[in-house]
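So you know, we letter chains A, B, ... as the sequences are listed, proteins then strands, and number each from 1.
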2 protein chains.
Amino acid sequence: MEITAPLGLRDKKRAETRAKLERAAVELVLRDGLAHATVDAISDAADVSSRTFFNYFDSKEDAILGVRDLELTDEAVAEHLARTDGAGLIESVVKLLFWVIGPSITTSDLHVLRMQVVKAHPELLSRQITQMTRMADQLTAAIQTLLKKDPAFAGDPAASLQPTADVLFALCGGGLRVAVKEWVTEGSATAHDQSASLTVLESRAIELVREVTKKIQ
Amino acid sequence: MEITAPLGLRDKKRAETRAKLERAAVELVLRDGLAHATVDAISDAADVSSRTFFNYFDSKEDAILGVRDLELTDEAVAEHLARTDGAGLIESVVKLLFWVIGPSITTSDLHVLRMQVVKAHPELLSRQITQMTRMADQLTAAIQTLLKKDPAFAGDPAASLQPTADVLFALCGGGLRVAVKEWVTEGSATAHDQSASLTVLESRAIELVREVTKKIQ
DNA sequence: CGAAACTTTGCAGGTAGCGCAATAATTGAG
DNA sequence: CTCAATTATTGCGCTACCTGCAAAGTTTCG
């Protein structure tokens, strides 16, 4: 997850421009609505041309949500799994998923504003889901390695691991989504302590999944 | 779920045009790729103007996926719940979800082609998820009534029922999705006996969910 | 300083999607 | 059957999204 700090002037400027665009995007959407906050307007507010906008983001939505394509390498996933070793299956999977989507929620001070944006324009939420679904193959592969280590699934044939991982992915993803939803609606009232709410979100998701799997059938 | 058969000539033509557009959209995307299958091309293939295209669909994606806003009335849901009364919780929820999405799988022969399209163009998945999420509120409401009847959740406060229903929705939706995925990949080899594979699909989804909830933690 | 590498920008072009108004087809009442 | 009301189709024009390309500007590093 460590992102090497930009050293040169060039990288610094790039980071600044990106930040300005993200901020402008969020603020304009809040002020004018999603449809009226055009790429031109956002670019103007950030003092760059609209062509430059698309050098930074693939789409208007990406700018609003601050999507950066972190290239989830297999090594990074493996490293994360190693770091959270020893936890239960549910916990591990939720932590894995949260590790992926967490940063896009809490990275900058814009996240409070972003919550308001998502609240006002729920259609953007599907974008978040898409982002997760894009990495689904990698993540379910990682979940399969978790399953292999779990005693309950140890003897299972490899063929049944993929569907199991898929379902588990859906289950924990759902828990996380609900936790985020709660966090958004409650969070707009009270100010967020970043580091605190981070872990709260995660454990709430785990709690939700546990609750369901425990009581079911 | 009963959709009243169109009687007049006007409605018949509308249905025909719509079907032609859906088919043309899927076939052109498969043949030429998502980017090259323009609205103009699709409209031409369906013998209508591109302006007419937008009288039927809000977006190109909607046409490809055959999105129609079927108005799931509360009464219909209640009636279905009554019909499948007495089953276990998982079974009931899966049957509920399958009851909703089943028709769109088996109604038209386009469904298999659509799966290929989604496979080739995963970015469409977000749209599909959005489609399902559109009915999420009604369905999770129905799931809540199921929860109330279940002894394991009988004493729970109403406030905790909503998140539980959401997670359950994600879980069973995931199981169903995996079952459909298997059905499509296997089914491309062997010819489908519609009525037979229908129930198989449903029970496979139930099996998947059971498997996970049983073995977990 | 000066060449290499990278960024910004304008321009041109293609596509998506919508509002409007004219035209054409269907329907239902008389 | 006829005519008026309703609804569908279509062309036109417009805005916005997004991309490729090449010119001009900026940063880096030897």
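Distances from the side chain of A:S49 to the nucleotides C:dT9, C:dC18, D:dG11 place C:dT9 closest. Considering only the side chain of A:T38, D:dA16 comes nearest among D:dA16, D:dT10, C:dA16. Nearest to the side-chain atoms of A:K13 among the listed nucleotides D:dT26, D:dC18, C:dA16 stands D:dT26. The nucleotide whose nearest atom lies closest to any side-chain atom of B:F54 is, among C:dC18, C:dT8, D:dT9, C:dC18. Nearest to the side chain of B:Y56, among C:dA16, D:dC17, D:dT9, sits D:dT9.
Salt-bridge formation is not detected for the pair B:R31/B:E27: no Lys NZ or Arg NE/NH1/NH2 atom is positioned less than 4.0 Å from an Asp or Glu carboxylate oxygen. A salt bridge is defined here as a Lys NZ or Arg NE, NH1 or NH2 lying under 4.0 Å from an Asp or Glu carboxylate O, and B:K13 with B:E16 fails to meet this definition.
When the P atom of D:dC18 is taken as reference, atom NZ of B:K60 falls 13 Å away, rounded to whole Å. Atom C1' of nucleotide C:dC6 and atom CG of A:N55 are separated by 11 Å, given to the nearest angstrom. Summarising the geometry, the separation between CD on A:E16 and C1' on C:dT8 is reported as 16 Å, rounded to the nearest angstrom. Atom CG in A:D11 sits about 8 Å away from atom P in D:dT28, given to the nearest Å. D:dC17 atom P lies 14 Å from atom CG of A:L21, rounded to whole Å. We find that CZ of A:F57 is positioned 17 Å from C1' of D:dT19, with the value rounded to whole Å. Summarising the geometry, the separation between NE2 on B:H36 and P on D:dT19 is reported as 14 Å, rounded to the nearest angstrom. Here D:dT9 presents its P atom at 17 Å from CG of B:D40, a figure rounded to the nearest Å.
Below 30°, between 30° and 60°, or above 60°: for B:H111 and B:W183 the angle between ring planes is between 30° and 60°, a tilted geometry.
Geometrically, A:R14 engages A:Y56 in a cation-pi contact, judged by NZ or CZ lying under 6.0 Å from the ring centre and within 45° of the ring axis.
Using a 4.0 Å heavy-atom cutoff across all strands shown, A:S59 reaches sugar-phosphate atoms only and no base atom.
Not a single donor-acceptor pair, N or O on each side, falls under 3.5 Å between the base of D:dG13 and the side chain of B:R51. In the interface, the side chain of A:R10 is paired with the base of D:dT27 through a donor and an acceptor atom under 3.5 Å apart.
Mapping A:T52 and B:A37 onto DNA chain C by nearest heavy atom places A:T52 at the nucleotide closer to the 5' end.
Without hydrogens or angle criteria, A:K60 side chain to A:A37 main chain gives a donor-acceptor distance under 3.5 Å.
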